[in-house]
Amino acid sequence: MRPAPECLYDNGPRPRHIAQVMLLIHRSRRASEAVRKVSPGGELFVASVVVCMLLASFGDALDPALFGEAGLEFALFDFSGELSLLSMRHWNLLQLLLAGAAVSAGLAVLRVFAAAFFKTPTPAPRRPVDKVPIEL
Amino acid sequence: MDIDFTSGAFWSALLAIVLIDLVLAGDNALIIGLVARNLPKNTQRKVIMWGTFGAIAVRAVMAILVVYILAVPGFMLAGGLALIWIARKLLTPDPERDAGHAVASAPAATFAGAVRTIVVADAVMGIDNVLGIGGAAQGSVVLIVFGLIISVPIIVWGSHLVIRLVDRFPSVILLGGTVLAWTAYTMIVREPLLVAWFEAHPAGKPLVAILVFAISLAPWYTERLPEASKPLVALLPGILAWMLCIEVAGSYLRVQIDYLLTSETGGYALEAIRWLGWLPLAALYLWVRERIALSARRAARS
């Protein structure tokens, strides 16, 4: 267990005993480095939520009178008749999280199926018999 | 915000409050146990009870105050900007934070001292948390009270569970940062001083949203960028801020900057500046960055 740097106690106007108690707060190393330790699945989910939030903000910028009535909204932004950027403007956090989960699950399934249909090229063995090393 | 217990908006605001509470205050309550640990057993129980009560009371009062303060014009924008900084700080990797495991050399010796330490430490450390839940509550005191009722027991009696949860799933921290960024965006666009401007300039909303996410989540995507693409971390928010400034300039100069609608030379000029004007600035930034890196390398070599 490392001793805390002494300078930390002297920073700020807090009394010494509070500073020491605050230093005791347990923070998990993985949590403090969440951006490095996050799993690919979790990252995909949060990224999908961010994309949904950005789409909702785009929907907020569209003028329903202009796009909705002219039919442009259906032509340009309506994904499946029900789900559109214009309706996303009213989505709350719960809906955005569910949409993010659905998108990330869809992408994960797509990745599995894509891997089944399209074989990933594998590199040749590093030192095969018939491989001629080229030295410069 | 109208309170309708069956509405999705109510439950999602409550979810945002609980999530912000968990990621920003998950470990505050450990203070209580640490402060009280050297006191006699019968005093310990009293310190834990009164310390928890005091911390909850102070936090509730602060959160309710924040709701009223945010109603003052200008404070919603300031709160949104502060939340961007909080989200960025939450996501920035900090291995040194582990120094928090250091020795407990000064537990409180008296009952009053222990309670005071708990309450003051919780108040000092809970400012970011209170601001976050104040923004997520959208002006509803009932929501804040509900959020506290749900999250405080989790934090006080289940802090180890929360820590284990974020340890097992670090994406919870990422999600918390995202929710903070979303709350910051909604606070900025709900700012009473800016509502009319956003109504007149709808393009401003997605620009602000991308800008907020680009700044708040920068520590996350910086980790994934290759070294050559690192300047994007500054360039992307810079270009978005440029676009936003042109929108603001258009409203101040009273020039129509949409090239489909403009009929004046000023409008076309502003449109050209909007799409091309950032290029020399970006080139200048890259050049200066390269020069600084070069001189640093030279200094290290010499």
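These figures come from a predicted structure and were not determined experimentally. These numbers come from the heavy atoms of this one structure, side chains and all, not from hydrogens, waters or symmetry mates. In what follows, every chain begins at residue 1, and chains take the letters A, B, ... in the order their sequences are listed.
- Note: P206(B) leads A209(B), S171(B), P206(B) in heavy-atom pairs under 4.5 Å with chain A.
- Here the side chains of L96(A) and W182(B) are in contact, with some heavy-atom distance below 4.5 Å.
- Within the 4.5 Å cutoff, side-chain heavy atoms of L15(B) are placed close to those of L97(A).
- The part of Y185(B) that comes within reach of chain A is its side chain, from C-beta onward, which places non-hydrogen atoms under 4.5 angstrom from that chain.
- The two residues S12(B) and L94(A) make their nearest non-hydrogen contact at CB-N, 3.2 Å.
- In this structure, the portion of L217(B) lying under 4.5 Å from any heavy atom of chain A is its side chain and not its backbone.
- Between F45(A) and L175(B) the shortest side-chain heavy-atom distance falls below 4.5 Å.
- W220(B) and A47(A) get closest at one heavy-atom pair: CH2-N, 3.6 Å.
- Looking at S57(A) and K205(B), their side chains never come closer than 4.5 Å, going by heavy atoms from C-beta outward.
- In terms of heavy atoms, E223(B) sits closest to V35(A) at CG-CG2, 3.8 Å.
- Rounding to the nearest 0.5 Å gives a distance of 11.0 Å between CG of L93(A) and CD1 of I17(B).
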